[in-house]
Amino acid sequence: MTAPSPTLTTAEIREKFLSFFESKGHLRLPSASTISPDPTTLFTVAGMQPFKAQFMGAPARFEQGANKRVTTAQKCLRVGDIENVGRTLRHCSLLEMLGNFSFGDYFKRESLTWAWEFLTDPEWMGLDGSKLYATIYEDDEEAYDIWTKEIGLPADHVLRFGADENFWPADAPKEGPNGPCGPCSEIFYDRGPKYGDDTWAEYADTRESARFLEIWNNVFPQYDRQEPGADGTPTLIDLPFKNIDTGMGLERIATVVQDVYDFYSNDVFGPIVARVAELSGHAYEGPQNVSHRVVAEHVRSVSMVIADGSTPGNTGSGYVIRKILRRASRHAYLLGLREPTLYRLVPLVVESMGDAYPELRTEQARVEAMIKSEEERFLKTLEGGIQRVNQSISALIFRKIADPEINEATEEFKNDLYGSGTNTHTIQYYYNTSSEDWRLLNKILDGRLENLLTNFEEQDIKRREIEGGIRFMHFDSQMSPQMEVKPVNREAPMLLSGEEAFILYDTYGFPVDLTKEIAEEYGVSVDEAGYAESLENAQNIARAGSKYGKSELFGAQEALEDLPQTQFVGYDDLEADGKVLALMVGGERIEHLSAGDEATVVLSQTPFYAEGGGEVGDTGRLEWEGGAGMVRDTRKTPGGVFLHDVAVESGELKPGQSVRGVVSGERHATQRHHTATHLLHAALRAVLGSGVRQAGSLVAPDRLRFDFSHGAAMTVDEIADVERLVSRWVSANFPVTWQEMPIAEARAAGATALFGEKYGDTVRVVRVGGDVSYEGQAVASMELCGGAHVSRTGDIGAFVLLSDENVAAGVRRIEALAGEAATEWLRERLQQMARVSAMLNTNPDGLEGRVAGLQIQVKAAEKEMVAVRRQLAEAQMGGGSGAASPVRELGGFKVASLKLSGIEGNELRGAADKLLDQSEADIVVIAGDKGLVVKATKDAVARGAHAGQLVGKLAAAGGGKGGGRPDMAQAGITDAGAALLALDTAF
RNA sequence: GGGGGCUUAGCUCAGCGGGAGAGCAUCCGCUUUGCAAGCGGAGGGUCUGGGGUUCGAAUCCCCAAGCCUCCA
């Protein structure tokens, strides 16, 4: 046997696989998108996933033709154990599955013998057959015989495993789910003793080996699992047709064929890893090489998913992309890369995979731009987080080294400043506000702070962080009035609380492993148990918040499994007759409805549009012989059964009865909004560029909402341009037509399809029968769409954009109105403007000038009032001589008091300052008509004066309340005379 | 869909119930002058918007907007 050829590249292996199976009569299909159209999974996770329908018995017809045998290289995204990617040498988030599938055509014999042929024939992989091993399901004698008798594999190369390993889905016989399932047979390759000295027999126990690498799984879905009997015995009945579903991991076979140690040394990852090393200056070696792998692997998967049309965001698949991207960005950061770097690796991905996945090439610019902007955003987040981490950590360090000192120091300090009796709050206030005091404090602490400072890197943020630390510490001790600080054990390890670490992560997006990393540099560790606990709490809250809402439809689907698809006739007719096929309440089928009941009704044929494609479900009425009901909403199951939510008003309803459905007139408004949505979409792409991609849509009778990917808020001009474009379509009054056609034809004609949307082989295309021009270019609207539309664009009537807002990073949301809703809105705006104009004695044209003038006037008037009040106060104070306010001796203080009228707020305080300055007094009291201000000199405060307490007593006498600091306080009063009189008894 | 956080001078932010602040930037002056800089001063604010609580709100509560972030 020949040695594995080291010259085969990953691309060559992929190509060989596909052409091998083409030579065996298979149809080669392109990979489906990584973004799954199946609502139950976010991403495509297996090669067979795009063929679920065919495995269930749907006809094997595809865009490229009909064939019961197909072969694909399917890109799959598996994010379940993403934290292992990079830590191990074999986990990948993106992997390519080479698969051959049979829909009721060939079975086990062909599957296994072809696999053998492909792996061992020198024309294909040319692997040494004696190094191949297989596992089978415990009692699958058919597979055993094929392996040993037909292929000639020695019996000791075959192991039998139970349903946990060799059944698909795993453990299906006992655990379910119901549906197609079957045994499987896995093929292994012995990579030789240099990867381990274990034996194949030992693999039966260990089930983990670097030497014996699983490369190919052949699944034989031959059973249909039924609900187990009462005794719990699983029931597996033979499927009428037996399928073949195989998957070979391209990364795995490439590792074997290229005989390299791990995935990251193959021809796809190797160059990326090398480039990471080059850019970061860190060679691919040592424990740090985890980061190289994470970066290389994640860049590949993120590039692919973005090329498939997803955008990083904070919901659904977008959120997963963001998580992967951030994990990569974080590891780039750990390698010392402080500038966006990942996007510079994209060309390497495109180079090695762009031929097999052309979307990588066509979308390259968008992929790079998106990754770059996401990296920039994340680096900003990291910077902010680092500041906060440093602050928390400095608080810990500070407490450890300086606690006893600061306690003594502040006593001394306090005496220095205010004498005794100063409270914590004052000290804290003091530290925070004065940098001079900071220096003094540092001096008292014997330069210790400066030493601490030099431990931090960034000069200009250091002090703020340490100050933050002090503040932090004071908050802790603030409950004790005399600054008692908890005793410190200098030997105890410093521990950052788990809650703190979680807040950093949850609120500021700062990854906990970075927190740990930074903390360790300062000898601080993180309480991981506490962190885990906080995380779990938060998750429970999130789950509880969003658990209702979807179970009902799934329940309905099961209860209605036997029903045919509903005939929908509502594109043209808003009234139609149908037969009642089923009645349902709370997921249970019932046989009878009477007046007052609310239930779900299924009809054979209906004019009611079911919620879908963003368009809301129709409302209206059901009428029948002797009764009637209101249709409140219409939805449909994934299987195409329409569900009418009906409230019966009169009469009785039973299955089999004939009813007439009448759709509400609101449907016309909905149709206007739907066609307008298409025009809006086309206009946005024309005005903002083809980067615009629909990200969500709501079409209702009263409004439309359209989410799309776009980096920035729209400018006023752009909004106007979009509106103008739509209006041009409307006034041209083009016909709107729709027709069904094969999807290939629709795509060839250039119809806009949505990413992640599932389309059958025939699709409905809605086309506006005319172009409008924008900047010399013809703009057309043609979309795949199942919704209801107007028949001419003129039916839309007025169109107005209400708002452009941000719903997630990179996603904008537009709300707009069409038809009467738009005219109503415009009329209301105009009336409003007319009212405002009238209030200002001007007309709409003069409105702006008028308001600007008023603003200036108000500002000038305010300034003038301040000046006037100040003058008034000075005049009443006797021209600043202090003559109007004799100083009295009260309680050991020199007190000056004064009553001013027509003065308040700021000027009252200003007057108090002036008086304190000009008179001999230690304490001044100024009373206005409604307010009272007391100020005391530093010296008086040190001797025990307290403006806050004094003002309280005076205010009580003056019919009010108040308070403040020892040196400054104010109050609101109603009787200034009484307040001043109370001075005599206040001390 | 559900949480958390932020929004204060041109920029970065502190203040979190009692006089709107710092650093940087800008302008002016002084000093020095090879440059960097140093010293002093000034201008610059609807404290995101709107309600409420309070004698008093940038600060507390409610609503809204924008931005950041975590989860489902």
Side-chain angles (χ1 to χ4, degrees), chain A residues 42 312-317 319-320 322-323 326 377-378 380-385 387-388 391 425 428-436 438 458-465 467-468 470-471 475 499 502-512 534-550 713 803-810 812-813 855 858-859 862 904-914 916 926-935 947-948 951-952 954-956 958-976 979:
Chain A
L42 282 177
N314 52 5
T315 55
S317 65
Y319 184 58
V320 178
R322 171 168 288 173
K323 254 166 112 163
R326 294 198 161 190
R377 201 191 308 270
F378 186 57
K380 244 181 142 175
T381 298
L382 284 186
E383 265 173 42
Q387 261 194 44
R388 276 164 214 277
Q391 208 169 84
H425 180 78
Q428 185 190 326
Y429 180 82
Y430 194 80
Y431 287 176
N432 291 348
T433 50
S434 162
S435 59
E436 195 149 317
W438 166 262
E458 198 61 46
Q459 183 78 24
D460 60 331
I461 56 170
K462 271 186 236 165
R463 210 193 66 206
R464 205 185 303 155
E465 282 159 13
E467 283 180 334
I470 295 179
R471 205 175 306 130
F475 272 121
E499 195 187 348
F502 180 71
I503 288 172
L504 276 160
Y505 174 63
D506 183 55
T507 302
Y508 303 104
F510 198 75
V512 70
S534 300
L535 179 66
E536 208 188 316
N537 284 343
Q539 283 175 337
N540 288 338
I541 290 171
R543 258 193 289 270
S546 65
K547 76 176 158 199
Y548 74 104
K550 47 178 127 169
S803 63
D804 160 54
E805 61 183 16
N806 179 295
V807 281
R812 310 289 309 176
R813 167 171 294 174
Q855 278 177 328
V858 167
K859 219 162 184 172
E862 271 171 0
E904 50 190 294
N906 266 327
E907 284 66 53
L908 223 46
R909 281 192 299 263
D913 274 338
K914 205 155 242 171
L916 199 61
I926 305 263
D929 301 320
K930 287 183 282 185
L932 191 64
V933 173
V934 176
K935 297 201 67 148
V951 87
L954 301 184
K961 281 193 278 187
R965 299 191 312 252
D967 62 322
M968 207 292 290
Q970 48 193 319
I973 52 170
T974 52
D975 185 345

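All figures in this text were calculated on a predicted structure; none of them were measured in a lab. Each chain gets a letter, A, B and so on, in the order the sequences are listed, and its residues count up from 1.
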If I pick the [atom1] atom on [M] and the same atom on [N], what distance separates them, to the nearest angstrom?
{"N": "B:U12", "M": "B:C6", "atom1": "C1'", "answer": "14 Å"}
{"N": "B:C16", "M": "B:U54", "atom1": "P", "answer": "24 Å"}
{"N": "B:C13", "M": "B:G18", "atom1": "C1'", "answer": "24 Å"}
{"N": "B:C47", "M": "B:A20", "atom1": "P", "answer": "11 Å"}
{"N": "B:G45", "M": "B:G38", "atom1": "C1'", "answer": "29 Å"}
{"N": "B:U69", "M": "B:G17", "atom1": "C1'", "answer": "29 Å"}
{"N": "B:G43", "M": "B:A25", "atom1": "C1'", "answer": "13 Å"}
{"N": "B:G29", "M": "B:A65", "atom1": "P", "answer": "50 Å"}

Nearest 0.5 Å, what's the [atom1]-[atom2] distance between [X] and [Y]?
{"X": "A:L932", "Y": "A:I973", "atom1": "CG", "atom2": "CD1", "result": "4.5 Å"}
{"X": "A:L916", "Y": "A:D967", "atom1": "CG", "atom2": "CG", "result": "10.0 Å"}
{"X": "A:I926", "Y": "A:Q970", "atom1": "CD1", "atom2": "CD", "result": "12.5 Å"}

Separation of [N] [atom2] from [X] [atom1] (nearest whole Å):
{"X": "A:L535", "N": "B:G3", "atom1": "CG", "atom2": "C1'", "result": "13 Å"}
{"X": "A:K323", "N": "B:U69", "atom1": "NZ", "atom2": "C1'", "result": "13 Å"}
{"X": "A:F502", "N": "B:C70", "atom1": "CZ", "atom2": "C1'", "result": "7 Å"}
{"X": "A:I503", "N": "B:G3", "atom1": "CD1", "atom2": "P", "result": "18 Å"}
{"X": "A:R326", "N": "B:C68", "atom1": "CZ", "atom2": "P", "result": "9 Å"}
{"X": "A:Y505", "N": "B:C70", "atom1": "OH", "atom2": "C1'", "result": "6 Å"}
{"X": "A:L954", "N": "B:C55", "atom1": "CG", "atom2": "C1'", "result": "14 Å"}
{"X": "A:L504", "N": "B:C6", "atom1": "CG", "atom2": "P", "result": "14 Å"}

Where the side chain of [X] is concerned, which of [options] is the nearest nucleotide?
{"X": "A:Y508", "options": "B:G5, B:A72, B:C70", "answer": "B:G5"}
{"X": "A:R322", "options": "B:G18, B:C70, B:A72", "answer": "B:C70"}
{"X": "A:K961", "options": "B:A72, B:A20, B:C55", "answer": "B:C55"}

Would you name the heavy atoms of [X] and [Y] that are closest together and state the gap between them?
{"X": "A:A976", "Y": "A:G928", "answer": "CB-O, 3.3 Å"}
{"X": "A:V951", "Y": "A:G962", "answer": "CG1-C, 4.0 Å"}
{"X": "A:P312", "Y": "A:R322", "answer": "O-NH2, 4.0 Å"}
{"X": "A:F502", "Y": "A:A538", "answer": "CZ-CB, 3.5 Å"}

Using the closest heavy atom to pick a nucleotide of RNA chain B for each, name whichever of A:K380 or A:Q539 lands nearer the 5' end.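 Counting from the 5' end, the first nearest nucleotide belongs to A:K380.
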Of A:F378 and A:I973, the one whose closest RNA chain B nucleotide lies more 5':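 Of the two residues, A:I973 wins.
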Describe the nucleic acid contact of [X] in one word from base, sugar-phosphate, nothing, applying a heavy-atom distance below 4.0 Å.
{"X": "A:K930", "value": "nothing"}
{"X": "A:T381", "value": "sugar-phosphate"}
{"X": "A:G960", "value": "nothing"}

A:G958 backbone acceptor or donor facing A:T974 side chain under 3.5 Å: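 Judged by distance alone, yes, a pair lies under 3.5 Å.
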Treating a pair as Watson-Crick (purine N1 to pyrimidine N3 plus N6-O4 or O6-N4) or G-U wobble (N1-O2 and O6-N3) with both distances under 3.5 Å, list the stems of 3 or more consecutive pairs that involve RNA chain B.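 Listed by first number, the stems are B:1-7 with B:65-71, B:10-13 with B:21-24, B:26-30 with B:38-42, B:48-52 with B:60-64.
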Side chain to side chain contact (heavy atoms under 4.5 Å, CB included) between A:Y508 and A:I503, intermediate numbers included: CA-CA 7 Å; A:Y508 303 104; A:I503 288 172; 4.1 Å; yes
Ignoring hydrogens and angles, does a donor from either the side chain of A:D506 or the base of B:G3 sit under 3.5 Å from an acceptor on the other?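 Indeed, a donor on one side and an acceptor on the other fall under 3.5 Å apart.
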Whether A:T507 contacts B:U69 is assessed here as follows: a side-chain N or O lying under 4.0 Å from the phosphate OP1 or OP2. Is that the case?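 It does not, given that no N or O in the side chain of A:T507 lies less than 4.0 Å from OP1 or OP2 of B:U69.
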A:R377 side-chain N/O to B:C68 phosphate OP1/OP2 under 4.0 Å: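 Checking B:C68 against A:R377, a side-chain N or O does come within under 4.0 Å of OP1 or OP2.
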